[in-house]
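Have a look at the structure below, then the notes.
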Number of protein chains: 2
Amino acid sequence: MIDPADLAHLKEIPFFQRMSDSELRKVSALARARSLEADEFFYLQGDPAEMLFLLKAGRVKLIQNSADGQQILLRMIGPWSLFAVVALVEGAVYPVSAQAVEPSLALYWTKNALMELVREIPGLALNAMQMMSERVQEYQDRLRELATERVERRLARALLRLGSQAGKRVPEGILIDLPLSRQDLAEMTGTTLFTVSRILSQWEAQNIILTGREKVIIRFPHGLVRIAEDLP
Amino acid sequence: MIDPADLAHLKEIPFFQRMSDSELRKVSALARARSLEADEFFYLQGDPAEMLFLLKAGRVKLIQNSADGQQILLRMIGPWSLFAVVALVEGAVYPVSAQAVEPSLALYWTKNALMELVREIPGLALNAMQMMSERVQEYQDRLRELATERVERRLARALLRLGSQAGKRVPEGILIDLPLSRQDLAEMTGTTLFTVSRILSQWEAQNIILTGREKVIIRFPHGLVRIAEDLP
DNA sequence: CCTCATTCTTGCGCTGGCGCAATAAAGCGC
DNA sequence: GCGCTTTATTGCGCCAGCGCAAGAATGAGG
């Protein structure tokens, strides 16, 4: 189900680290593929966590909703990133929803396949643990940032992170290569689209960035770094 | 190193779930103990993560610091809770500091012991993953709360959580049984000690709680629930 | 090319919460 | 019991950021 060219990619992913070729073949034999149009969901928050996904192409938003309809954007997934690692846990439900923001293609493994893999590949559970532990640390950092820093800093950091994950060199600078509305940025940084719009306008006036409809181009990363690090 | 009476406790802990008696004996044979006075640290943020702890008695704060000295209080650990699960991950450093808030006694396993246990007890890595995945979910929830809810709600929720973790029935209501300053509450909810003090004073006037120096007693949990749930 | 929906901008008023400072209360050590 | 340190309270001024509303820009689809 995975074409051989993909195997090389698989080897780069932390989750599949330190696996023999025969183990990797086993992994790829059990994979299935699913493709989604923009705005469709791979899964919804609260669904039983029955599949682990590996994005091959496209972009996916991980969104968390509260009971009263508020939502935040926890993470943007790009190609060759794994998501829904929680599917490895017995009886879990997805804690977030995963929505394609552009046409996307993902490989996935079902719960049954995963249980088989975990049984036969001893290192897999440890690799998964490592991924989760990185996630825990990231969220701890973000909690501290959200609790102690102002919007400008958080927004600067968010743009820098997006730039390094989804940045694409264009003549004017680094384009964040995904449809990214002010509302999205607000939900990533814990503020409102109005505040995001105001701050971006200000940065545009200072020539740090260049904006458009659902588009941000970073002209001078240093400018953002200075704001993110709270330098003079 | 673990006295037999403790074995019963061990069996209740998710991390040691589904283990045979011989496996549990193995676990307890490799445990060591460490006791700390109030305010001492089990470990500091940034130290190589070389031990996994199980608190037997006392209370421990998990604190995260930023480069510029800001800090937040991520979690209060009580007896028979495991902390520093990150020690299971290759090459990790502690992402937080762990400070005893009262005289405390903990069992611990060194990196070597853990590697031996993981090798010999197949389910251990899966159990650890489960713990981490719960942690990830908790932090995702808290990120959303911090991003979208006001201080009052977050504070009410924090008190309710503390009440259920460390609550002790006293004549006047439920005492949160640990030294808990306004500053601590501020660091848990992402606000300032001034705001916490003002809100607690207000709640005290409404007879929802009863406060003292480093002390909170919940008189009418329902009052807090109403605030936490944002009801009329 | 025109329409229409969506996204973005910006002015305005407002307020939740911050931060300081002064004071009070509580507990600890001797 | 008396200082002294630590913790908590509260008044006051202030401002970062919110939220609405009106209008402008953008792009998609016929």
Side-chain angles (χ1 to χ4, degrees), chain A residues 37-39 61 68-73 99 101-103 145-156 158-159 175-176 178-206 209-217 227 230, chain B residues 37-39 61 68-73 99 101-103 145-156 158-159 175-176 178-206 209-217 227 230:
Chain A
E37 296 305 308
D39 298 338
K61 273 185 197 174
D68 57 329
Q70 303 259 47
Q71 67 174 48
I72 62 168
L73 208 170
Q99 183 178 30
V101 300
E102 26 181 271
E145 289 169 13
L146 199 51
T148 64
E149 295 172 2
R150 351 250 215 76
V151 176
E152 280 209 348
R153 266 182 103 166
R154 305 196 311 254
L155 186 55
L159 288 181
L175 168 69
I176 293 173
L178 49 88
L180 187 71
S181 69
R182 305 291 181 267
Q183 177 67 35
D184 290 333
L185 282 170
E187 285 177 13
M188 298 184 76
T189 51
T191 180
T192 62
L193 78 150
F194 306 106
T195 299
V196 170
S197 177
R198 276 183 260 264
I199 294 174
L200 293 191
S201 296
Q202 180 191 325
W203 289 348
E204 188 155 25
Q206 298 169 225
I209 61 171
L210 220 155
T211 68
R213 188 194 179 87
E214 299 196 308
K215 184 175 72 174
V216 178
I217 298 172
I227 295 162
D230 200 22
Chain B
E37 296 305 307
D39 297 339
K61 274 185 196 174
D68 56 329
Q70 303 260 46
Q71 67 174 48
I72 61 168
L73 208 170
Q99 183 177 30
V101 300
E102 26 180 272
E145 289 169 13
L146 200 51
T148 65
E149 295 173 1
R150 346 247 211 78
V151 176
E152 280 208 348
R153 264 182 102 166
R154 306 197 310 255
L155 186 56
L159 287 181
L175 168 69
I176 293 173
L178 48 88
L180 186 71
S181 69
R182 305 293 180 268
Q183 178 67 34
D184 290 333
L185 282 169
E187 286 177 13
M188 298 184 76
T189 50
T191 181
T192 63
L193 78 150
F194 307 106
T195 300
V196 170
S197 177
R198 277 183 260 264
I199 294 175
L200 293 191
S201 296
Q202 181 191 323
W203 289 347
E204 187 155 25
Q206 297 168 227
I209 60 172
L210 221 156
T211 68
R213 186 194 180 89
E214 299 196 305
K215 184 176 73 174
V216 177
I217 297 171
I227 296 162
D230 199 24

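Residue numbering restarts at 1 for every chain, and letters A, B, ... go by the order of the sequence lines.
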Between atom [atom1] in [X] and atom [atom2] in [N], what is the gap in whole Å?
X: B/E204; N: D/dT9; atom1: CD; atom2: P; result: 8 Å
X: A/D39; N: C/dT7; atom1: CG; atom2: P; result: 10 Å
X: B/F194; N: D/dC12; atom1: CZ; atom2: P; result: 16 Å
X: B/L180; N: D/dT6; atom1: CG; atom2: P; result: 19 Å
X: B/E187; N: D/dA8; atom1: CD; atom2: P; result: 12 Å
X: B/I199; N: C/dT15; atom1: CD1; atom2: C1'; result: 14 Å
X: A/R153; N: D/dA16; atom1: CZ; atom2: P; result: 15 Å
X: A/I209; N: C/dT9; atom1: CD1; atom2: C1'; result: 13 Å

Side-chain N or O of [X] closer than 4.0 Å to phosphate OP1/OP2 of [N]:
X: A/T191; N: D/dC18; value: yes
X: A/S181; N: C/dT7; value: no
X: B/S201; N: D/dT10; value: yes
X: B/T192; N: C/dC18; value: yes
X: A/T195; N: D/dC18; value: yes

Options [options], nucleotide nearest the side-chain atoms of [X]:
X: B/E214; options: D/dT7, D/dT9, D/dG19; answer: D/dT7
X: A/R182; options: C/dC18, C/dC8, D/dG17; answer: C/dC8
X: A/R213; options: D/dT9, D/dT7, C/dC8; answer: C/dC8

| field | Contact nearer the 5' end of DNA chain C, comparing B/K215 with B/G190 | value |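 The answer here is B/G190.
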| For B/G190 against B/R154, the heavy-atom pair lying closest together |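 Looks like O-NH2, 3.1 Å.
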| Can you name the nearest heavy-atom pair linking B/V101 to B/A38, along with the distance? |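 Heavy-atom minimum between the residues: O-CB, 3.8 Å.
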| Nearest-nucleotide comparison on DNA chain D, the residue closer to the 5′ end among B/L200 and A/R154 |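 In this pair, the answer is B/L200.
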| task | Quick one: do B/E204 and B/L210 satisfy side-chain contact (heavy atoms from CB on, under 4.5 Å)? Show the steps, please. | result | CA-CA 6 Å; B/E204 187 155 25; B/L210 221 156; 4.2 Å; yes
| request: Let me see the working for A/E187 and A/Q71 under side-chain contact (heavy atoms from CB on, under 4.5 Å), right down to the final yes or no. | output: CA-CA 7 Å; A/E187 285 177 13; A/Q71 67 174 48; 3.0 Å; yes
| message | Check this for me: does the side-chain of A/R198 come within 3.5 Å of the base of C/dT10 through a donor and an acceptor? | response |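 Side chain to base: no pair present.
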| request: Apply side-chain contact (heavy atoms from CB on, under 4.5 Å) to A/T191 and A/L155, showing your working. | output: CA-CA 9 Å; A/T191 180; A/L155 186 55; over 6 Å; no
